[in-house]
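First up is the structure itself, then whatever we jot down about it.
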Amino acid sequence: MAKGLDTVIERGFFKQCTNLEALTQKMDEGPVTFYVGVDPTGSSLHVGHMVPFFAMHHLQKAGHNPIAVVGGGTSMIGDPSGKTEMRKMLTVEQIAYNAGCIKKQLSTVVDFSGDNTSIGKAIMVNNYDWLGSLNYLEFLRDVGKHFSVNRMLSFESYKMRMETGLSFIEFNYQLLQSYDFLTLYRDHGCTMQMGGDDQWGNIVAGIELTRRMAGAEVYGLTFPLVTRSDGKKMGKTEKGAVFLDPEMFSPYEFYQYWRNVADADVGRFLKLFTFLPMEEIAELEKLKDQEINKAKEVLAYEYTSIVHGEEEAEKAKEAAKAAFSVQGSAALDKSSIPSITIDRTELESGINVMDLYARTALCSSRGEARRLVTQGGASINEVKITDINKSIDISFLEDDELLLKAGKKRYFRIIVE
RNA sequence: GGGGAGGUUCCCGAGUGGUCAAAGGGGGCAGACUGUAAAUCUGUUGGCUACGCCUUCGAAGGUUCAAAUCCUUCUCUCCCCA
């Protein structure tokens with residue numbers, strides 16, 4: 001089995017391949033240039049986007065050459081695959097900005113620097129560069145003729161949209177993505193595309209187009225759709241997606257997200273989202289019941305460390321330990337908890353509990369704060385508050401701070417000056 | 001362009017003049033249980049200066065003592081025909 005490809009398969013990235021034997025052989029023979037597409041629809045990726053790039057990492061490490069294709073052109077249109085609604089369109093400037101942010105985030109797993117000769121060479125390109133200047137008539141004549149509408153309609157992703165409606169622009173997405181593959185083959189000798197299994201149809205279409213127009217055999221490989229065993233969408237929380245941008249999703253929360261994955265998911269996620277050797281993961285997978293928490297800690301630490309750096313991972317780990325151990329807040333790493341500063345004089349005259357909570361991110365209104373207090377979920381510096389009329393004053397202070405707690409896991413810090 | 005069906009609180013979805021801040025479900029939050037898990041159970045889920053008041057049922061007007069519910073216009077979505 002080809003180097004790199006075996007790792008990818010072994011770690012659970014493999015769902016299906018257009019021609020596994022041929023691809024294996026090709027990858028055995030030497031470096032293969034391959035690509036993964038990413039949509040620059042936001043300024044931050046979330047963890048769900050990362051699956052292909054972890055795979056990319058393993059292949060790059062094995063000496064193959066990755067291309068990350070930013071869908072600047074295609075995202076101006078919208079991909080119907082798996083979406084129930086049409087995407088909003090973005091301006092060229094927004095896309096360029098987003099692409100910059102994304103590259104930075106991808107750099108945590110893929111090396112774009114090009115100064116490490118022992119691994120494959122990675123580049124990032126934007127398909128707007130070739131799609132943006134397409135001539136409609138020429139495109140229809142040269143590319144469009146290879147596509148069968150009947151065939152396209154038979155794809156599941158389009159079928160779904162047939163129910164709700166599918167605009168003509170979206171319908172063209174497959175042509176553009178196929179054209180990407182052809183272009184990358186011509187310009188960069190790219191011979192493989194990877195993507196989520198929902199992209200299978202588009203990938204196959206690209207392969208066919210490349211065969212017809214360039215007479216070359218290229219390959220496609222898809223990853224299983226990563227789901228959570230509890231059926232919830234991977235990488236989504238109540239508050240939204242688990243973003244990689246620390247401004248949008250703090251390293252502590254990031255750590256906690258992975259620390260709290262379902263038992264059944266730990267092993268799979270360790271393989272997908274960490275670089276730990278398989279033997280080590282196999283050991284961790286043996287853990288049961290309470291012991292499995294160790295595996296979750298490893299997962300959380302490793303992934304946090306990849307995305308946010310070891311220092312942040314360490315901080316998050318310590319903060320979590322402190323927050324959930326018996327000593328309570330004493331050992332909490334305060335710097336990782338969100339905070340606001342209030343004036344000492346204000347506290348001296350006393351602030352109502354509800355008012356205080358409502359001013360933090362813990363509660364969005366006094367009503368919510370009232371509920372929290374009434375239901376026994378509020379405590380300040382580890383003193384439970386159950387009286388909604390309680391006035392908080394300087395007697396609650398500890399080191400000039402108030403540590404507000406909501407429920408078991410959410411903290412907020414009030415610094416008094 | 002013609003015809004039809006619709007837009008309800010975070011989401012889905014009841015409600016068709018007062019008993020509606022609006023059923024039910026989902027989700028969320030909190031509590032119990034626990035392993036910072038899952039499952040389960042309980043409570044809660046517009047705002048506020050809180051036994052009352054204010055703002056919500058696509059938007060703006062109107063009818064009425066009283067409208068999410070009736071009328072008018074506008075707007076958006078979906079379906080059928082062209």
Side-chain angles (χ1 to χ4, degrees), chain A residues 83-88 160-167 170 227-242 250-270 284-301 303-304 313 316-329 331-333 336-337 350-380 382 384-389 391 404-412:
Chain A
K83 299 287 185 305
T84 46
E85 272 172 46
M86 201 168 141
R87 258 184 221 173
K88 52 179 182 292
M160 236 160 74
R161 289 303 304 271
M162 293 301 287
E163 310 280 323
T164 54
L166 177 66
S167 83
E170 290 180 90
T227 52
R228 300 196 340 178
S229 58
D230 59 9
K232 280 187 192 153
K233 226 179 167 176
M234 161 76 195
K236 296 273 188 211
T237 67
E238 313 69 51
K239 291 176 192 75
V242 180
S250 77
Y252 176 74
E253 287 176 285
F254 189 88
Y255 180 93
Q256 282 301 314
Y257 181 82
W258 298 102
R259 172 62 186 77
N260 283 319
V261 296
D263 290 7
D265 293 330
V266 189
R268 200 156 47 96
F269 289 175
L270 277 168
L284 290 168
E285 277 189 296
K286 285 182 193 158
L287 301 172
K288 287 258 174 342
D289 301 319
Q290 272 195 54
E291 291 286 293
I292 203 167
N293 284 323
K294 285 190 186 133
K296 291 184 187 180
E297 273 165 27
V298 173
L299 169 66
Y301 180 82
Y303 200 175
T304 308
K317 188 180 176 181
E318 287 310 313
K321 233 187 211 164
F324 293 102
S325 68
V326 272
Q327 303 102 318
S329 63
L332 250 178
D333 174 16
S336 61
I337 301 168
I351 304 173
N352 175 273
V353 227
M354 292 189 289
D355 287 328
L356 195 60
Y357 268 90
R359 280 168 65 171
T360 70
L362 261 24
C363 295
S364 59
S365 69
R366 269 172 52 88
E368 201 178 319
R370 160 189 292 269
R371 252 170 264 135
L372 185 73
V373 173
T374 314
Q375 295 179 140
S379 58
I380 296 178
E382 296 305 312
K384 196 178 231 185
I385 313 287
T386 47
D387 177 9
I388 54 168
N389 294 316
S391 179
L404 307 203
K405 193 175 173 190
K408 288 172 196 158
K409 300 182 187 176
R410 294 151 59 221
Y411 286 93
F412 201 94

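Residue numbers begin at 1 in each chain, while the letters A, B, ... track the order of the sequences. All values reported here derive from a predicted model rather than from experimental measurement.
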To the nearest Å, how far apart are A/K294 NZ and B/rA37 C1'? 16 Å
Residue pair A/M354 / A/L372, side-chain heavy-atom distance below 4.5 Å: no
Can a donor-acceptor pair under 3.5 Å be found between the side-chain atoms of A/Q375 and the base atoms of B/rG31? no
Mind calculating the distance between CH2 (A/W258) and C1' (B/rA37) to the nearest angstrom? 15 Å
Could you classify B/rC51 for me, syn or anti, using a glycosidic angle within 90° of 0 as syn? syn
Anything under 30° is parallel, anything over 60° is perpendicular, the rest tilted; go ahead and classify A/W258 against A/Y303. tilted
Can you tell me the pairing partner of B/rA30 across any strand shown, Watson-Crick or G-U wobble, with both distances under 3.5 angstrom? B/rU42
A/K296 side chain, from C-beta outward: closest of B/rA30, B/rG35, B/rG31: B/rG35
Quick one: closest heavy-atom pair of A/T304 and A/A313, and the distance? CG2-CA, 3.8 Å
Among the nucleotides B/rU36, B/rG35, B/rC48, which one has an atom lying closest to any side-chain atom of A/Q290? B/rG35
Output the rounded distance in Å from OH (A/Y257) to P (B/rA37). 15 Å
Could you work out which one of B/rU36, B/rG47, B/rA32 sits closest to the side chain of A/Q256? B/rU36
Write down the distance separating the P atoms in B/rA5 and B/rU72, rounded off to the nearest Å. 14 Å
Work out how far the C1' atom of B/rU9 is from that of B/rA68, and round it to whole angstrom. 11 Å
On RNA chain B, nearest-nucleotide positions of A/L372 versus A/S364: which is more 5'? A/L372
Between A/L362 and A/A406, what is the shortest heavy-atom contact and its length? CG-CB, 3.7 Å
If you measure from the C1' atom in B/rG28 to the same atom in B/rG46, how many Å do you get, rounded? 15 Å
Mind checking the CG-CD spacing from A/L284 to A/E297? Nearest 0.5 Å is all I need. 11.0 Å
Atom CD1 of A/I292 and atom P of B/rU36: how far apart are they, to the nearest Å? 13 Å
Considering every strand shown, what is the Watson-Crick or G-U wobble mate of B/rA59 when both distances are under 3.5 Å? B/rU73
Identify, between A/A358 and A/R259, the residue whose nearest nucleotide on RNA chain B lies closer to the 5' end. A/R259
Testing the basics here: between A/A300 and A/Y255, what is the closest heavy-atom pair and its distance to 0.1 Å? CB-O, 3.4 Å
Between A/R359 and A/I351, the two heavy atoms sitting closest are NH1-CD1, 4.3 Å
Take the protein atom CG of A/L404 and the nucleotide atom C1' of B/rC29, then report the distance between them rounded to whole Å. 17 Å
Taking only the side-chain heavy atoms of A/R410 (C-beta and beyond), determine which of B/rU45, B/rG35, B/rC29 contains the nearest atom. B/rC29
Using a cut-off of 4.0 Å on non-hydrogen atoms, how would the nucleic acid contact of A/A406 be classed: base, sugar-phosphate, or nothing? sugar-phosphate
Given the C1' atoms of B/rG13 and B/rA22, what is the spacing between them in whole Å? 13 Å
Quote, to the nearest angstrom, the C1' distance that separates B/rG52 from B/rA59. 31 Å
Examine B/rA37: is either OP1 or OP2 under 4.0 Å from a nitrogen or oxygen in the side chain of A/K409? Give yes or no. yes
Given that both distances must come in under 3.5 Å, which nucleotide forms a Watson-Crick or G-U wobble pair with B/rG17? none
What heavy-atom pair brings A/Q256 and A/A320 nearest, and what distance separates the two atoms? NE2-CB, 3.1 Å
Among B/rG35, B/rU36, B/rC48, the one nearest A/D263 by side-chain distance: B/rG35
Between P on B/rC48 and CG on A/N352, what's the gap in Å once rounded to a whole number? 12 Å
Specify the separation, in whole Å, of atom CD of A/E368 and atom P of B/rG31. 13 Å
Go through B/rG47, B/rA30, B/rA37 for me and flag the one nearest to the A/S365 side chain. B/rG47
Looking only at the side chain of A/A320 (C-beta and beyond, no hydrogens), which of the listed nucleotides B/rG35, B/rA50, B/rU36 gets closest? B/rU36
Paired nucleotide for B/rC48 [Watson-Crick or G-U wobble; both distances under 3.5 Å]: B/rG52
Whole angstrom value for the distance that separates P of B/rC29 from CE of A/M354: 22 Å
Determine the interatomic distance between C1' on B/rG6 and the same-named atom on B/rA66; round to the nearest Å. 27 Å
Please pick, from B/rA50, B/rG35, B/rU44, the nucleotide with the shortest atom-to-atom distance to any side-chain atom of A/R371. B/rU44
Between B/rC78 and B/rC71, how far is it from one P atom to the other, in whole Å? 25 Å
Side chain of A/K408 only, heavy atoms from C-beta on: which candidate in B/rG35, B/rC33, B/rC48 is closest? B/rC33
Tell me which nucleotide, if any, is Watson-Crick or G-U wobble paired with B/rG24 when both distances must be under 3.5 Å. B/rC12
Taking the C1' atom of each, how far is B/rG3 from B/rA82, in whole Å? 11 Å
